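Just so we're on the same page: letters track the sequence lines, and every chain starts at 1. It should be emphasised that the depicted structure is a prediction, and the values quoted were computed from it without experimental measurement.
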Protein chains: 2
Amino acid sequence: MAILLTQSEENYIKAVYALQQHHQASVGTNELAERMDTKASSVTDMIKRLSEKSLIQYEKYKGCELTEEGIRTALKTIRKHRLWETFLVEKLKFGWDEVHDIAEQLEHIQSVKLTDQLDAFLNYPKFDPHGDPIPDQTGAIVQRDQSFLLNELEIGAEGVVIGVADSSASFLRFLDRYKINIGTCIQIKEIYAFDDSRAIEIHGETVNLSAAATQKITVQKQQ
Amino acid sequence: MAILLTQSEENYIKAVYALQQHHQASVGTNELAERMDTKASSVTDMIKRLSEKSLIQYEKYKGCELTEEGIRTALKTIRKHRLWETFLVEKLKFGWDEVHDIAEQLEHIQSVKLTDQLDAFLNYPKFDPHGDPIPDQTGAIVQRDQSFLLNELEIGAEGVVIGVADSSASFLRFLDRYKINIGTCIQIKEIYAFDDSRAIEIHGETVNLSAAATQKITVQKQQ
DNA sequence: TTTTATTTTTAGACAAGACTAAACAATAAC
DNA sequence: GTTATTGTTTAGTCTTGTCTAAAAATAAAA
(Lines give C-alpha, C1' and ligand atoms only; values in the text may rest on other atoms or scores of the structure.)
Protein backbone atom coordinates (compact mmCIF):
# COMPACT_ATOMS: atom_id res chain seq x y z
CA MET A 1 0.00 0.00 0.00
CA ALA A 2 2.17 2.77 1.30
CA ILE A 3 5.08 3.08 -1.15
CA LEU A 4 8.25 4.55 0.31
CA LEU A 5 9.27 7.77 -1.37
CA THR A 6 12.43 9.81 -1.12
CA GLN A 7 12.21 13.36 0.16
CA SER A 8 12.79 14.62 -3.33
CA GLU A 9 9.93 12.55 -4.72
CA GLU A 10 7.60 13.78 -1.99
CA ASN A 11 8.53 17.36 -2.77
CA TYR A 12 7.75 16.91 -6.45
CA ILE A 13 4.37 15.34 -5.64
CA LYS A 14 3.55 18.26 -3.38
CA ALA A 15 4.52 20.76 -6.07
CA VAL A 16 2.42 19.05 -8.73
CA TYR A 17 -0.51 19.02 -6.34
CA ALA A 18 -0.18 22.74 -5.61
CA LEU A 19 0.09 23.75 -9.27
CA GLN A 20 -2.76 21.46 -10.24
CA GLN A 21 -4.97 23.00 -7.55
CA HIS A 22 -4.09 26.46 -8.78
CA HIS A 23 -4.89 26.24 -12.49
CA GLN A 24 -7.20 23.30 -13.05
CA ALA A 25 -5.11 21.73 -15.80
CA SER A 26 -2.15 19.45 -16.40
CA VAL A 27 1.20 20.71 -15.14
CA GLY A 28 4.01 21.65 -17.54
CA THR A 29 7.65 20.71 -17.18
CA ASN A 30 9.07 24.24 -17.14
CA GLU A 31 6.47 25.40 -14.70
CA LEU A 32 7.38 22.58 -12.37
CA ALA A 33 11.10 23.26 -12.84
CA GLU A 34 10.54 26.90 -11.85
CA ARG A 35 8.62 25.86 -8.75
CA MET A 36 11.20 23.27 -7.70
CA ASP A 37 14.04 25.66 -8.45
CA THR A 38 15.67 23.17 -10.77
CA LYS A 39 16.07 22.49 -14.48
CA ALA A 40 13.48 21.13 -16.90
CA SER A 41 15.65 18.14 -17.72
CA SER A 42 15.76 17.11 -14.08
CA VAL A 43 12.00 17.42 -13.92
CA THR A 44 11.55 15.12 -16.91
CA ASP A 45 13.70 12.47 -15.20
CA MET A 46 11.70 12.69 -11.99
CA ILE A 47 8.34 12.69 -13.73
CA LYS A 48 9.31 9.44 -15.41
CA ARG A 49 10.23 7.89 -12.06
CA LEU A 50 6.98 8.95 -10.45
CA SER A 51 5.07 7.78 -13.48
CA GLU A 52 6.71 4.33 -13.04
CA LYS A 53 5.37 4.31 -9.48
CA SER A 54 1.95 5.34 -10.87
CA LEU A 55 1.70 8.42 -8.72
CA ILE A 56 1.66 10.62 -11.79
CA GLN A 57 -0.13 10.38 -15.09
CA TYR A 58 2.28 11.39 -17.82
CA GLU A 59 2.39 11.65 -21.59
CA LYS A 60 5.39 12.98 -23.49
CA TYR A 61 5.16 16.68 -24.33
CA LYS A 62 1.69 16.80 -22.78
CA GLY A 63 2.45 17.64 -19.16
CA CYS A 64 1.42 15.58 -16.13
CA GLU A 65 -1.12 15.30 -13.35
CA LEU A 66 -1.44 13.28 -10.16
CA THR A 67 -3.23 9.94 -10.05
CA GLU A 68 -5.66 9.14 -7.20
CA GLU A 69 -2.76 7.53 -5.34
CA GLY A 70 -0.62 10.60 -6.03
CA ILE A 71 -3.24 12.90 -4.56
CA ARG A 72 -3.48 10.75 -1.43
CA THR A 73 0.29 10.96 -1.10
CA ALA A 74 0.31 14.73 -1.51
CA LEU A 75 -2.40 15.13 1.13
CA LYS A 76 -0.43 13.01 3.60
CA THR A 77 2.60 15.23 3.17
CA ILE A 78 0.53 18.40 3.43
CA ARG A 79 -1.09 17.03 6.58
CA LYS A 80 2.29 16.49 8.18
CA HIS A 81 3.60 19.87 7.08
CA ARG A 82 0.66 21.78 8.53
CA LEU A 83 0.54 19.80 11.76
CA TRP A 84 4.22 20.51 12.37
CA GLU A 85 3.71 24.21 11.60
CA THR A 86 0.92 24.27 14.14
CA PHE A 87 3.13 22.54 16.69
CA LEU A 88 5.98 24.98 16.12
CA VAL A 89 3.79 28.05 16.58
CA GLU A 90 1.47 26.79 19.31
CA LYS A 91 3.88 24.81 21.45
CA LEU A 92 7.38 26.01 20.64
CA LYS A 93 6.47 29.70 20.32
CA PHE A 94 7.85 30.24 16.85
CA GLY A 95 6.63 33.19 14.79
CA TRP A 96 4.47 32.16 11.84
CA ASP A 97 7.10 33.53 9.45
CA GLU A 98 9.77 31.19 10.83
CA VAL A 99 8.11 27.81 10.58
CA HIS A 100 7.96 27.01 6.88
CA ASP A 101 11.54 25.85 6.33
CA ILE A 102 11.59 23.69 9.44
CA ALA A 103 8.22 22.12 8.61
CA GLU A 104 9.62 21.44 5.15
CA GLN A 105 12.11 19.11 6.81
CA LEU A 106 9.77 17.65 9.43
CA GLU A 107 7.13 16.72 6.86
CA HIS A 108 9.37 13.94 5.55
CA ILE A 109 9.56 11.99 8.81
CA GLN A 110 8.12 8.54 8.19
CA SER A 111 5.73 7.35 10.89
CA VAL A 112 1.98 7.27 10.65
CA LYS A 113 1.71 6.89 14.41
CA LEU A 114 3.84 10.00 14.95
CA THR A 115 1.57 12.07 12.73
CA ASP A 116 -1.59 10.83 14.39
CA GLN A 117 -0.26 11.27 17.93
CA LEU A 118 0.90 14.78 17.07
CA ASP A 119 -2.57 15.50 15.71
CA ALA A 120 -4.09 14.29 18.99
CA PHE A 121 -1.57 16.26 21.06
CA LEU A 122 -2.55 19.43 19.20
CA ASN A 123 -6.21 18.56 19.75
CA TYR A 124 -7.05 17.84 16.11
CA PRO A 125 -6.64 21.35 14.71
CA LYS A 126 -8.58 22.08 11.53
CA PHE A 127 -6.36 24.93 10.34
CA ASP A 128 -2.66 25.73 10.52
CA PRO A 129 -1.16 29.05 11.67
CA HIS A 130 -1.54 30.51 8.16
CA GLY A 131 -5.21 29.55 8.07
CA ASP A 132 -4.73 26.68 5.63
CA PRO A 133 -6.86 23.59 6.27
CA ILE A 134 -5.19 20.47 7.71
CA PRO A 135 -6.25 17.18 6.05
CA ASP A 136 -7.36 14.51 8.54
CA GLN A 137 -6.17 10.87 8.62
CA THR A 138 -8.36 10.03 5.65
CA GLY A 139 -7.17 13.03 3.64
CA ALA A 140 -10.42 14.95 4.06
CA ILE A 141 -10.19 18.73 4.20
CA VAL A 142 -12.71 20.94 5.97
CA GLN A 143 -14.07 23.46 3.54
CA ARG A 144 -14.81 26.85 5.04
CA ASP A 145 -18.05 28.59 4.24
CA GLN A 146 -17.71 31.68 2.14
CA SER A 147 -14.54 33.58 2.83
CA PHE A 148 -13.54 36.95 1.40
CA LEU A 149 -10.37 38.79 0.64
CA LEU A 150 -10.08 41.92 2.74
CA ASN A 151 -10.40 44.15 -0.34
CA GLU A 152 -13.80 42.64 -1.13
CA LEU A 153 -15.41 44.01 2.04
CA GLU A 154 -17.45 47.21 1.88
CA ILE A 155 -17.00 50.14 4.25
CA GLY A 156 -18.18 49.31 7.74
CA ALA A 157 -17.98 45.54 7.26
CA GLU A 158 -16.13 43.43 9.81
CA GLY A 159 -14.09 40.31 9.25
CA VAL A 160 -12.02 37.81 11.21
CA VAL A 161 -8.69 36.87 9.67
CA ILE A 162 -8.66 33.20 8.68
CA GLY A 163 -5.66 33.01 6.38
CA VAL A 164 -3.12 34.67 4.15
CA ALA A 165 -2.52 34.21 0.45
CA ASP A 166 1.23 34.89 0.71
CA SER A 167 3.50 33.07 3.13
CA SER A 168 6.68 34.97 2.35
CA ALA A 169 8.65 35.89 5.45
CA SER A 170 8.49 39.52 4.38
CA PHE A 171 4.69 39.61 4.29
CA LEU A 172 4.34 37.64 7.52
CA ARG A 173 6.63 40.05 9.32
CA PHE A 174 4.56 42.92 7.93
CA LEU A 175 1.47 41.31 9.45
CA ASP A 176 3.24 40.87 12.75
CA ARG A 177 4.10 44.56 12.84
CA TYR A 178 0.40 45.40 12.58
CA LYS A 179 -0.44 42.61 15.07
CA ILE A 180 -2.54 40.89 12.42
CA ASN A 181 -2.94 37.20 13.17
CA ILE A 182 -5.32 34.33 12.61
CA GLY A 183 -8.43 35.31 14.59
CA THR A 184 -7.74 39.04 14.50
CA CYS A 185 -10.88 41.13 13.97
CA ILE A 186 -10.73 43.84 11.31
CA GLN A 187 -13.21 46.54 10.32
CA ILE A 188 -13.07 48.58 7.11
CA LYS A 189 -13.31 52.30 7.96
CA GLU A 190 -12.62 53.89 4.62
CA ILE A 191 -11.58 53.06 1.06
CA TYR A 192 -9.31 55.50 -0.76
CA ALA A 193 -10.18 55.36 -4.45
CA PHE A 194 -6.97 57.01 -5.68
CA ASP A 195 -4.73 54.07 -4.69
CA ASP A 196 -7.32 51.52 -3.55
CA SER A 197 -5.83 51.46 -0.03
CA ARG A 198 -8.00 51.02 3.08
CA ALA A 199 -8.17 52.57 6.50
CA ILE A 200 -8.94 49.68 8.82
CA GLU A 201 -9.59 49.39 12.52
CA ILE A 202 -7.69 46.73 14.31
CA HIS A 203 -7.23 46.27 18.06
CA GLY A 204 -8.89 49.68 18.51
CA GLU A 205 -6.34 51.46 16.32
CA THR A 206 -6.88 52.73 12.80
CA VAL A 207 -4.14 52.04 10.26
CA ASN A 208 -3.76 52.18 6.48
CA LEU A 209 -3.21 49.07 4.39
CA SER A 210 -2.16 49.14 0.73
CA ALA A 211 -4.23 47.47 -1.96
CA ALA A 212 -1.53 44.81 -2.31
CA ALA A 213 -1.82 43.94 1.36
CA THR A 214 -5.62 43.74 1.42
CA GLN A 215 -5.54 41.34 -1.52
CA LYS A 216 -3.52 38.86 0.50
CA ILE A 217 -5.57 38.66 3.67
CA THR A 218 -8.51 36.25 3.81
CA VAL A 219 -11.33 36.93 6.24
CA GLN A 220 -14.58 35.42 7.38
CA LYS A 221 -17.25 38.10 7.20
CA GLN A 222 -19.01 38.77 10.50
CA GLN A 223 -22.84 38.48 10.78
CA MET B 1 31.58 27.47 11.79
CA ALA B 2 28.76 24.99 11.58
CA ILE B 3 29.55 22.75 8.59
CA LEU B 4 26.52 21.17 6.93
CA LEU B 5 26.58 17.41 7.02
CA THR B 6 24.46 14.84 5.26
CA GLN B 7 22.41 12.44 7.35
CA SER B 8 24.80 9.68 6.49
CA GLU B 9 27.79 11.69 7.64
CA GLU B 10 26.05 12.54 10.91
CA ASN B 11 25.30 8.87 11.48
CA TYR B 12 28.92 7.89 10.98
CA ILE B 13 30.08 10.58 13.39
CA LYS B 14 27.63 9.34 15.99
CA ALA B 15 28.80 5.74 15.53
CA VAL B 16 32.47 6.68 15.87
CA TYR B 17 31.64 8.62 19.02
CA ALA B 18 29.78 5.68 20.57
CA LEU B 19 32.51 3.15 19.80
CA GLN B 20 35.20 5.52 20.99
CA GLN B 21 33.36 6.04 24.28
CA HIS B 22 33.03 2.30 24.72
CA HIS B 23 36.62 1.11 24.34
CA GLN B 24 38.90 4.09 24.91
CA ALA B 25 40.88 3.60 21.70
CA SER B 26 40.84 4.39 17.99
CA VAL B 27 38.00 2.85 15.99
CA GLY B 28 38.64 0.16 13.36
CA THR B 29 37.14 0.03 9.91
CA ASN B 30 35.49 -3.39 10.21
CA GLU B 31 34.10 -2.52 13.61
CA LEU B 32 32.52 0.62 12.21
CA ALA B 33 31.22 -1.29 9.19
CA GLU B 34 29.52 -3.78 11.51
CA ARG B 35 27.94 -0.97 13.53
CA MET B 36 26.72 0.90 10.44
CA ASP B 37 25.50 -2.31 8.83
CA THR B 38 27.58 -1.69 5.72
CA LYS B 39 30.84 -2.83 4.13
CA ALA B 40 34.39 -1.93 5.14
CA SER B 41 35.09 -0.38 1.75
CA SER B 42 32.20 2.03 2.15
CA VAL B 43 33.51 2.96 5.57
CA THR B 44 36.95 3.75 4.20
CA ASP B 45 35.39 6.10 1.64
CA MET B 46 33.34 7.89 4.26
CA ILE B 47 36.22 8.18 6.72
CA LYS B 48 38.21 9.93 4.03
CA ARG B 49 35.38 12.40 3.40
CA LEU B 50 35.02 13.17 7.11
CA SER B 51 38.77 13.43 7.43
CA GLU B 52 38.73 16.05 4.64
CA LYS B 53 36.22 18.01 6.71
CA SER B 54 38.53 17.56 9.71
CA LEU B 55 35.87 15.94 11.86
CA ILE B 56 37.89 12.75 12.04
CA GLN B 57 41.56 12.08 12.63
CA TYR B 58 42.61 9.32 10.28
CA GLU B 59 45.75 7.45 9.34
CA LYS B 60 45.78 4.60 6.81
CA TYR B 61 45.50 1.15 8.39
CA LYS B 62 45.53 2.75 11.86
CA GLY B 63 41.84 3.33 12.51
CA CYS B 64 40.27 6.71 13.30
CA GLU B 65 39.02 8.94 16.07
CA LEU B 66 37.01 12.14 16.29
CA THR B 67 38.62 15.55 16.40
CA GLU B 68 37.42 18.18 18.88
CA GLU B 69 35.10 19.49 16.17
CA GLY B 70 33.88 15.94 15.50
CA ILE B 71 33.03 15.41 19.15
CA ARG B 72 31.08 18.67 19.25
CA THR B 73 29.17 17.52 16.18
CA ALA B 74 28.40 14.12 17.71
CA LEU B 75 27.14 15.74 20.91
CA LYS B 76 24.82 18.01 18.94
CA THR B 77 23.27 15.04 17.21
CA ILE B 78 22.97 13.07 20.45
CA ARG B 79 21.35 16.09 22.08
CA LYS B 80 18.72 16.25 19.36
CA HIS B 81 18.12 12.51 19.43
CA ARG B 82 17.55 12.40 23.18
CA LEU B 83 15.41 15.53 23.28
CA TRP B 84 13.14 14.09 20.61
CA GLU B 85 12.91 10.77 22.46
CA THR B 86 11.90 12.66 25.55
CA PHE B 87 9.29 14.59 23.60
CA LEU B 88 7.84 11.44 22.07
CA VAL B 89 7.48 9.68 25.42
CA GLU B 90 6.48 12.64 27.60
CA LYS B 91 4.21 14.53 25.24
CA LEU B 92 3.07 12.13 22.54
CA LYS B 93 2.64 9.13 24.86
CA PHE B 94 4.88 6.73 22.98
CA GLY B 95 6.29 3.69 24.78
CA TRP B 96 10.04 3.90 25.37
CA ASP B 97 10.56 0.92 23.08
CA GLU B 98 8.95 2.73 20.12
CA VAL B 99 10.87 5.97 20.00
CA HIS B 100 14.34 5.08 18.78
CA ASP B 101 13.65 4.75 15.05
CA ILE B 102 11.61 7.94 14.89
CA ALA B 103 14.21 9.89 16.86
CA GLU B 104 16.80 8.53 14.45
CA GLN B 105 15.00 10.50 11.73
CA LEU B 106 14.18 13.59 13.79
CA GLU B 107 17.78 14.03 14.97
CA HIS B 108 18.77 15.15 11.47
CA ILE B 109 16.48 18.18 11.33
CA GLN B 110 18.63 21.27 10.88
CA SER B 111 17.67 24.16 13.13
CA VAL B 112 19.46 25.25 16.25
CA LYS B 113 16.47 27.28 17.32
CA LEU B 114 14.20 24.26 17.00
CA THR B 115 16.44 22.20 19.26
CA ASP B 116 16.70 24.91 21.87
CA GLN B 117 12.98 25.70 21.87
CA LEU B 118 12.20 22.01 22.19
CA ASP B 119 14.61 21.83 25.12
CA ALA B 120 12.79 24.74 26.78
CA PHE B 121 9.37 23.23 26.03
CA LEU B 122 10.44 20.01 27.77
CA ASN B 123 11.76 22.10 30.66
CA TYR B 124 15.45 21.35 30.09
CA PRO B 125 15.46 17.64 30.90
CA LYS B 126 18.80 16.21 32.03
CA PHE B 127 18.04 12.60 31.06
CA ASP B 128 16.09 10.91 28.29
CA PRO B 129 13.48 8.13 28.75
CA HIS B 130 16.22 5.49 28.78
CA GLY B 131 18.13 7.34 31.47
CA ASP B 132 20.86 8.57 29.15
CA PRO B 133 22.12 12.10 29.80
CA ILE B 134 21.11 14.89 27.39
CA PRO B 135 23.94 17.27 26.41
CA ASP B 136 23.06 20.96 26.88
CA GLN B 137 23.55 23.74 24.28
CA THR B 138 27.26 23.82 24.98
CA GLY B 139 27.61 20.04 24.74
CA ALA B 140 28.06 19.57 28.49
CA ILE B 141 26.73 16.32 29.97
CA VAL B 142 25.64 15.94 33.57
CA GLN B 143 27.63 13.15 35.12
CA ARG B 144 25.72 11.05 37.63
CA ASP B 145 27.35 10.15 40.89
CA GLN B 146 28.17 6.48 41.27
CA SER B 147 25.58 4.27 39.61
CA PHE B 148 25.39 0.48 39.86
CA LEU B 149 24.09 -2.35 37.76
CA LEU B 150 21.27 -4.14 39.49
CA ASN B 151 23.37 -7.30 39.89
CA GLU B 152 25.98 -5.37 41.87
CA LEU B 153 23.63 -4.64 44.76
CA GLU B 154 23.74 -6.83 47.88
CA ILE B 155 20.68 -8.37 49.51
CA GLY B 156 18.48 -5.78 51.14
CA ALA B 157 19.89 -2.88 49.15
CA GLU B 158 17.52 -0.50 47.37
CA GLY B 159 18.00 1.31 44.07
CA VAL B 160 16.13 3.68 41.79
CA VAL B 161 16.24 2.81 38.09
CA ILE B 162 18.14 5.48 36.16
CA GLY B 163 18.83 3.73 32.88
CA VAL B 164 19.12 0.59 30.81
CA ALA B 165 22.15 -0.83 29.03
CA ASP B 166 20.09 -2.39 26.24
CA SER B 167 17.57 -0.43 24.17
CA SER B 168 16.28 -3.30 22.08
CA ALA B 169 12.52 -3.28 21.67
CA SER B 170 12.43 -6.78 23.12
CA PHE B 171 14.12 -5.79 26.37
CA LEU B 172 12.12 -2.58 26.72
CA ARG B 173 8.86 -4.48 26.33
CA PHE B 174 10.11 -6.92 28.97
CA LEU B 175 10.64 -3.99 31.34
CA ASP B 176 7.19 -2.66 30.58
CA ARG B 177 5.65 -5.99 31.51
CA TYR B 178 7.22 -5.73 34.96
CA LYS B 179 6.33 -2.03 35.15
CA ILE B 180 10.01 -1.16 35.43
CA ASN B 181 10.63 2.42 34.35
CA ILE B 182 13.00 5.31 34.93
CA GLY B 183 12.42 6.25 38.56
CA THR B 184 11.09 2.86 39.62
CA CYS B 185 12.31 1.79 43.08
CA ILE B 186 13.72 -1.74 43.40
CA GLN B 187 14.88 -3.74 46.43
CA ILE B 188 16.94 -6.94 46.29
CA LYS B 189 15.24 -9.62 48.39
CA GLU B 190 17.30 -12.68 47.55
CA ILE B 191 20.12 -13.86 45.27
CA TYR B 192 19.92 -17.43 43.90
CA ALA B 193 23.49 -18.67 43.51
CA PHE B 194 22.65 -21.56 41.16
CA ASP B 195 21.66 -19.29 38.25
CA ASP B 196 22.56 -15.87 39.63
CA SER B 197 18.96 -14.69 39.36
CA ARG B 198 17.41 -12.29 41.89
CA ALA B 199 14.13 -12.02 43.73
CA ILE B 200 13.33 -8.33 43.75
CA GLU B 201 10.58 -6.25 45.25
CA ILE B 202 9.01 -3.75 42.95
CA HIS B 203 5.76 -1.83 43.42
CA GLY B 204 5.12 -4.01 46.50
CA GLU B 205 5.31 -7.23 44.52
CA THR B 206 8.17 -9.73 44.51
CA VAL B 207 9.30 -11.08 41.15
CA ASN B 208 12.29 -12.99 39.78
CA LEU B 209 14.74 -11.44 37.32
CA SER B 210 17.34 -13.45 35.42
CA ALA B 211 21.04 -12.64 35.66
CA ALA B 212 20.92 -11.34 32.08
CA ALA B 213 18.19 -8.87 33.00
CA THR B 214 19.87 -7.57 36.15
CA GLN B 215 23.04 -6.86 34.18
CA LYS B 216 21.16 -4.46 31.95
CA ILE B 217 19.45 -2.28 34.52
CA THR B 218 21.32 0.68 35.95
CA VAL B 219 20.30 2.02 39.36
CA GLN B 220 21.21 4.77 41.76
CA LYS B 221 21.77 3.20 45.18
CA GLN B 222 19.57 4.60 47.93
CA GLN B 223 21.11 6.09 51.12
C1' DT C 1 61.44 -15.38 10.05
C1' DT C 2 58.76 -16.99 6.77
C1' DT C 3 53.93 -18.37 6.23
C1' DT C 4 49.15 -17.72 7.16
C1' DA C 5 45.22 -15.13 8.46
C1' DT C 6 43.00 -10.87 9.23
C1' DT C 7 42.16 -6.20 8.39
C1' DT C 8 42.13 -2.42 5.46
C1' DT C 9 42.42 -0.12 1.17
C1' DT C 10 41.97 0.41 -3.96
C1' DA C 11 39.76 -0.05 -8.38
C1' DG C 12 35.78 -0.15 -10.92
C1' DA C 13 30.68 -0.21 -11.10
C1' DC C 14 26.02 1.22 -9.95
C1' DA C 15 21.62 4.00 -8.67
C1' DA C 16 19.58 8.44 -7.41
C1' DG C 17 19.26 12.99 -8.38
C1' DA C 18 21.05 16.69 -10.25
C1' DC C 19 23.44 19.41 -14.26
C1' DT C 20 24.76 21.26 -19.37
C1' DA C 21 24.35 21.15 -24.09
C1' DA C 22 22.04 19.75 -27.86
C1' DA C 23 18.12 17.68 -30.34
C1' DC C 24 13.36 17.36 -31.00
C1' DA C 25 8.02 18.77 -30.72
C1' DA C 26 4.44 22.04 -30.60
C1' DT C 27 2.80 26.36 -31.12
C1' DA C 28 2.69 31.12 -32.96
C1' DA C 29 3.91 34.55 -36.47
C1' DC C 30 4.27 35.94 -40.87
C1' DG D 1 2.87 26.71 -44.96
C1' DT D 2 7.34 27.81 -43.90
C1' DT D 3 10.00 30.15 -40.28
C1' DA D 4 10.68 31.57 -35.23
C1' DT D 5 9.90 30.80 -30.67
C1' DT D 6 8.97 28.32 -26.85
C1' DG D 7 8.59 24.02 -24.34
C1' DT D 8 10.25 19.39 -23.64
C1' DT D 9 13.17 15.55 -23.99
C1' DT D 10 17.60 13.00 -24.75
C1' DA D 11 22.50 12.15 -24.15
C1' DG D 12 26.26 12.40 -21.46
C1' DT D 13 28.53 13.94 -17.05
C1' DC D 14 28.87 14.72 -11.97
C1' DT D 15 28.43 13.68 -6.86
C1' DT D 16 27.04 10.88 -2.94
C1' DG D 17 26.90 6.69 -0.96
C1' DT D 18 26.94 2.25 -1.70
C1' DC D 19 28.67 -2.38 -3.60
C1' DT D 20 32.03 -6.50 -5.24
C1' DA D 21 36.37 -8.29 -6.22
C1' DA D 22 41.01 -7.96 -5.76
C1' DA D 23 45.36 -6.05 -3.93
C1' DA D 24 48.14 -4.40 -0.11
C1' DA D 25 49.36 -3.86 4.78
C1' DT D 26 49.39 -5.54 9.39
C1' DA D 27 49.12 -9.10 12.89
C1' DA D 28 49.44 -13.87 14.33
C1' DA D 29 51.35 -18.53 13.95
C1' DA D 30 54.71 -21.75 12.66
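When the side-chain nitrogen and oxygen atoms of A/N30 are compared with OP1 and OP2 of D/dT6, none of them lie within a distance under 4.0 Å.
Contact annotation for A/G28: backbone-only contact, meaning every heavy-atom pair under 4.0 Å involves sugar-phosphate atoms and none involves a base.
Atoms CG and CD, from A/L92 and A/E98 in turn, are 11.0 Å apart once rounded to the nearest 0.5 Å. To the nearest 0.5 Å, the span separating SG on B/C64 from CD on B/Q20 amounts to 7.5 Å.
C/dT9 atom P lies 11 Å from atom CD of B/E59, rounded to whole Å. Rounded to an integer number of Å, the gap from B/K62 NZ to C/dT8 C1' is 12 Å. Whole-Å rounding puts the A/L5 CG to C/dA15 C1' distance at 17 Å. Rounded to whole angstrom, the span from the CD atom of A/E31 across to the P atom of D/dT6 amounts to 17 Å.
Between B/L153 and B/T214, the closest side-chain pair of non-hydrogen atoms is not below 4.5 Å. Proximity of B/F148 to B/I217: side-chain heavy atoms (C-beta onward) are nowhere separated by under 4.5 Å.
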Under 3.5 Å donor-acceptor pairs involving side-chain atoms of residues 128-137 of chain B, not counting sequence neighbours:
residue : atom : partner : partner atom : Å
B/D128  : OD1  : B/H130  : N            : 2.7
B/D128  : OD1  : B/G131  : N            : 3.0
B/D128  : OD1  : B/D132  : N            : 3.0
B/H130  : ND1  : B/E85   : OE1          : 3.0
B/H130  : NE2  : B/W96   : O            : 3.0
B/D136  : OD1  : B/T138  : N            : 2.8
B/D136  : OD1  : B/T138  : OG1          : 2.7
B/D136  : OD1  : B/G139  : N            : 3.1
B/D136  : OD1  : B/A140  : N            : 3.0

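For the side chain to side chain contact (heavy atoms under 4.5 Å, CB included) test with B/L50, the passing option among B/I13, B/L66, B/T67 is B/I13; the others fail.
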* Assign a letter to each nucleotide of nucleotides 10-24 of chain D from its 5' end: B, base within under 4.0 Å of a protein heavy atom; S, sugar-phosphate only; -, no contact. => B------SBBB---B
